[in-house]
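Quick caveat, the model's predicted, so the values are computed rather than measured. Numbering of residues begins at 1 and proceeds along the displayed sequence.
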Amino acid sequence: CSPAYLALQNYELSSLDLMNIFQYREDMDGRQAVCKWFAENLDMIKQQVVPRTYPRQLEKEGFYQPLTFCSMAVALLSMICVISCAYASKRYEKRKVMVYAQVD
């Protein structure tokens with residue numbers, strides 16, 4: 001389900017808006033009447049549906065905090081451990097302990 005659908009699902013027309021649409025319907029079919037009303041009232045609909053904070057402005061200074069640096073350090077340490085374990089496994093694969101641990 002898209003966010004646009006959820007926003008429009010919660011949108012409600014006032015009695016005045018419905019009256020305008022029904023007045024247009026006297027001259028044309030329902031689909032054309034709704035399209036004409038929508039085109040004429042697009043600015044009002046944008047003000048009611050689109051949040052005032054759109055588009056969002058992300059703050060860059062909030063990204064580089066101590067938790068971010070700690071997370072990067074733990075990730076780097078984990079990568080070093082994995083690479084060193086893979087290297088040690090390959091280097092000592094012919095040793096007696098490694099040969100017995102292998103599944104054939």
Side-chain angles (χ1 to χ4, degrees):
C1 196
S2 75
Y5 176 75
L6 294 175
L8 291 176
Q9 183 180 16
N10 295 329
Y11 183 75
E12 294 182 12
L13 293 173
S14 67
S15 298
L16 180 63
D17 296 334
L18 285 174
M19 187 176 71
N20 289 339
I21 293 173
F22 285 127
Q23 286 177 353
Y24 291 146
R25 187 145 191 247
E26 293 174 1
D27 300 331
M28 56 190 80
D29 69 339
R31 183 182 179 105
Q32 289 177 340
V34 170
C35 289
K36 182 176 181 181
W37 178 87
F38 191 85
E40 289 177 357
N41 296 295
L42 186 59
D43 292 332
M44 179 191 68
I45 293 170
K46 281 183 186 177
Q47 289 175 355
Q48 292 177 356
V49 174
V50 177
R52 291 187 309 271
T53 59
Y54 179 81
R56 288 187 186 159
Q57 299 291 329
L58 297 178
E59 298 176 9
K60 291 187 178 185
E61 70 250 6
F63 179 74
Y64 296 106
Q65 294 183 0
L67 183 60
T68 305
F69 289 119
C70 291
S71 300
M72 287 182 189
V74 169
L76 182 63
L77 182 64
S78 299
M79 288 179 9
I80 290 171
C81 288
V82 167
I83 291 171
S84 61
C85 286
Y87 173 74
S89 296
K90 184 66 178 164
R91 182 172 179 203
Y92 297 114
E93 70 182 344
K94 300 295 182 193
R95 298 272 171 112
K96 192 177 205 180
V97 173
M98 294 298 280
V99 171
Y100 288 142
Q102 292 176 2
V103 178
D104 290 328

[X] side, atom [atom1]; [Y] side, atom [atom2] - distance, nearest 0.5 Å:
X: E12; Y: D17; atom1: CD; atom2: CG; result: 11.5 Å
X: K46; Y: N41; atom1: NZ; atom2: CG; result: 12.5 Å
X: W37; Y: L42; atom1: CH2; atom2: CG; result: 9.5 Å
X: N20; Y: E40; atom1: CG; atom2: CD; result: 8.5 Å
X: I21; Y: F38; atom1: CD1; atom2: CZ; result: 10.5 Å
X: C81; Y: L76; atom1: SG; atom2: CG; result: 9.5 Å

Same apolar cluster: [X] and [Y], side chain cutoff 4.5 Å:
X: M98; Y: I83; result: no
X: M44; Y: L13; result: yes
X: Y87; Y: V97; result: no
X: I45; Y: V34; result: yes
X: Y24; Y: L18; result: yes

Check whether any side-chain heavy atom of C70 sits under 4.5 Å from a side-chain heavy atom of V74, and report yes or no. no
